[in-house]
J.: 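Once you've had a glance at the structure underneath, I'll fire off some questions.
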Amino acid sequence: MKKPTLLFATLGLLITSSFNHTHAQDNGSNQSLMEGGGAFIVTMNDKDKTAIGSPYLYENFTKGKISARPTEIYDIRYNAFTDEIEIKVSEGEIQNFNKSISNVTITFLIDDLNFTTLNYINSDDGLQRGYFVSFTDTNQNVKLFSKKEVKYYEAKPAVSSYDKDKPAEFKNIDDTYYVSISGAYARELPTKKKDLAQLFPENSKEVLNFIKKNKIKTSREADLINLINYINTL
């Protein structure tokens, strides 16, 4: 299948020099990607082969589009554990899209999910870069995103004859919602209503009143979309 390879070659700025991807995974940092790593990098994780469950949003590759080449269709899948979007270049060759590229949307056609790359503040690891699902228009001042994640749990041997060995496992966790204000780094949206309202000090009273009047739940996606759309009108 030579055609996909040629298409990737024509992505222009999406293709950059290669880097040591193994090092980037081992130290848990996305810094190498942000500094200009390879646009497509072979990826395989031994954990994927031994654990039950799946690190992927969809186990199999599905059809998708990349905004830089809107007329082309690609075979893609999202590894929510490593936070990588994988592209099937040819049979036996799976490579990662370069998440350091900005202003590119990757759409999974199976459910019309739109992923984009963002710099965000992780409470555990500081500044990171990763893939997010976008819920708001690009021209809005306040933007809402969600992060899909899968956690890996190590295998646990039985501690007694009454116990059973627990295999390693990938488990989906609830989406985490993030907000970006005036183009700043995305940050996790507070779950407490008062804390959420304080993100907008000039309009905190209006935001809190809207939350109470409309019985907004910070765990409900539709409510958050409604809230952020309202905030963008203030």
Side-chain angles (χ1 to χ4, degrees), residues 13-14 30-31 33-34 57 64-70 76 78-80 82-85 96-150 172-234:
L13 291 177
L14 299 184
N30 291 327
Q31 190 62 35
L33 286 171
M34 294 174 63
L57 183 61
K65 301 181 80 172
I66 299 171
S67 60
R69 294 283 297 178
I76 60 177
Y78 177 55
N79 187 324
T82 61
D83 196 19
E84 301 288 354
I85 287 182
N96 288 346
F97 187 77
N98 183 8
K99 70 173 70 170
S100 67
I101 302 299
S102 299
N103 302 318
V104 172
T105 300
I106 300 176
T107 302
F108 286 76
L109 299 180
I110 190 172
D111 54 11
D112 205 32
L113 271 184
N114 294 313
F115 281 83
T116 189
T117 55
L118 291 176
N119 288 328
Y120 69 102
I121 299 173
N122 183 306
S123 57
D124 296 324
D125 303 313
L127 179 61
Q128 299 284 295
R129 188 166 180 86
Y131 290 103
F132 288 79
V133 177
S134 177
F135 296 108
T136 43
D137 293 336
T138 57
N139 62 348
Q140 290 186 311
N141 185 53
V142 182
K143 300 181 179 65
L144 177 68
F145 305 92
S146 73
K147 184 135 193 62
K148 297 186 175 295
E149 295 181 73
V150 169
N172 291 312
I173 63 174
D174 292 338
D175 291 359
T176 305
Y177 294 94
Y178 283 75
V179 64
S180 173
I181 304 171
S182 301
Y185 295 141
R187 63 172 68 183
E188 189 172 340
L189 198 66
T191 56
K192 293 183 178 179
K193 297 172 183 179
K194 288 185 178 180
D195 292 342
L196 193 159
Q198 286 303 315
L199 290 178
F200 312 95
E202 294 182 358
N203 304 107
S204 59
K205 289 183 179 180
E206 291 91 337
V207 172
L208 195 56
N209 287 337
F210 184 88
I211 291 173
K212 292 178 178 178
K213 181 180 178 180
N214 294 275
K215 299 180 180 179
I216 298 293
K217 291 187 177 181
T218 57
S219 60
R220 187 180 297 165
E221 186 174 287
D223 283 5
L224 289 177
I225 294 173
N226 188 26
L227 174 62
I228 297 302
N229 284 337
Y230 166 74
I231 291 171
N232 276 302
T233 67
L234 297 176

J.: Just do the side chain to side chain contact (heavy atoms under 4.5 Å, CB included) check on Phe115 and Thr105 with the steps written out, would you?
T.: CA-CA 6 Å; Phe115 281 83; Thr105 300; over 6 Å; no

J.: Looking at Leu118 and Ala186, what are the two nearest heavy atoms and their distance?
T.: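 What the structure gives for the nearest pair is CD1-CB, 4.1 Å.
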
J.: If we only count heavy atoms from C-beta on, is the Val179 to Arg187 side-chain gap below 4.5 Å?
T.: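 The answer is yes, as the side chains (C-beta and beyond) meet within the 4.5 Å cut-off.
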
J.: So, does Asp137 use its side chain to make a donor-acceptor pair with the main chain of Asn139 at under 3.5 Å?
T.: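 No; zero donor-acceptor contacts below 3.5 Å.
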
J.: Within the side chain of Lys99, is there an N or O that forms a donor-acceptor pair under 3.5 Å with the backbone of Asp83?
T.: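 Yes: the side chain of Lys99 pairs with the backbone of Asp83.
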
J.: For Gln198, is there any backbone N or O sitting under 3.5 Å from a side-chain donor or acceptor partner on Ser204?
T.: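 Flag not set: sc Ser204 to bb Gln198 has no pair under 3.5 Å.
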
J.: So, for Leu199 and Pro190, which heavy atoms are closest and what is the spacing to 0.1 Å?
T.: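 Answer, listing the atom of Leu199 first, then Pro190: CD1-CD, 3.6 Å.
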
J.: For the CG atom of Asn122 and the OG1 atom of Thr176, what is their distance to the nearest 0.5 Å?
T.: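 The OG1 atom of Thr176 is 9.5 Å from CG of Asn122, to the nearest 0.5 Å.
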
J.: To the nearest 0.5 Å, what is the distance between CD1 on Ile66 and CD1 on Ile106?
T.: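 Separation between the atoms: 5.0 Å.
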
J.: Just how far is it from atom CG of Leu113 to atom OG1 of Thr107, taken to the nearest 0.5 Å?
T.: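 Going from CG on Leu113 over to OG1 on Thr107, the span is 9.0 Å.
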
J.: Using side-chain heavy atoms (C-beta onward) and a distance below 4.5 Å, is Tyr131 in contact with Phe97?
T.: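 When only atoms from C-beta onward are counted, Phe97 and Tyr131 do touch, with a gap below 4.5 Å.
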
J.: Can you check side chain to side chain contact (heavy atoms under 4.5 Å, CB included) on Leu234 and Phe200, steps first, answer last?
T.: CA-CA 10 Å; Leu234 297 176; Phe200 312 95; over 6 Å; no

J.: Would a 4.5 Å heavy-atom cut-off, applied to side chains only, mark Tyr230 and Ile216 as touching?
T.: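 In short, these two side chains do not touch, never coming nearer than 4.5 Å.
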
J.: Between Tyr78 and Phe108, is the ring centroid distance below 6.0 Å?
T.: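 For Tyr78 and Phe108, the ring centres are not under 6.0 Å apart.
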
J.: Say you draw a straight line from OG of Ser180 to CG of Leu189; how long is it, rounded to the nearest 0.5 Å?
T.: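 Nearest 0.5 Å value for the OG-CG distance: 11.5 Å.
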
J.: Among Ile231, Ile225, Asp223, whose side chain to side chain contact (heavy atoms under 4.5 Å, CB included) with Leu227 holds?
T.: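 When side chain to side chain contact (heavy atoms under 4.5 Å, CB included) is applied between Leu227 and each of Ile231, Ile225, Asp223, only Ile231 qualifies.
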
J.: Between Ile76 and Gly64, which heavy-atom pair has the shortest distance, and what is it?
T.: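 Heavy atoms only, the tightest pair is CD1-CA, 3.5 Å.
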
J.: Testing the basics here: between Val142 and Ile228, what is the closest heavy-atom pair and its distance to 0.1 Å?
T.: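 Taking Val142 first and Ile228 second, the nearest heavy atoms are O-CG2, 3.6 Å.
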
J.: Enter the distance from Lys143:NZ to Asn232:CG here, rounded to the nearest 0.5 Å.
T.: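 These two atoms lie 8.0 Å from each other.
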
J.: Please report the interatomic distance OG1(Thr117) to CZ(Phe132), rounded to the nearest 0.5 Å.
T.: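 Separation between the atoms: 10.0 Å.
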
J.: Do Tyr177 and Thr218 have side-chain heavy atoms sitting under 4.5 Å apart?
T.: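 In short, these two side chains do not touch, never coming nearer than 4.5 Å.
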
J.: Show the nearest heavy-atom pair for residues Tyr120 and Gly130, with the distance to one decimal.
T.: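 Smallest heavy-atom distance, with atoms named: CE2-N, 3.6 Å.
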
J.: What are the two closest heavy atoms between Lys148 and Ala80, and how far apart are they?
T.: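 Heavy atoms of Lys148 and Ala80 come nearest at O-CB, 3.9 Å.
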
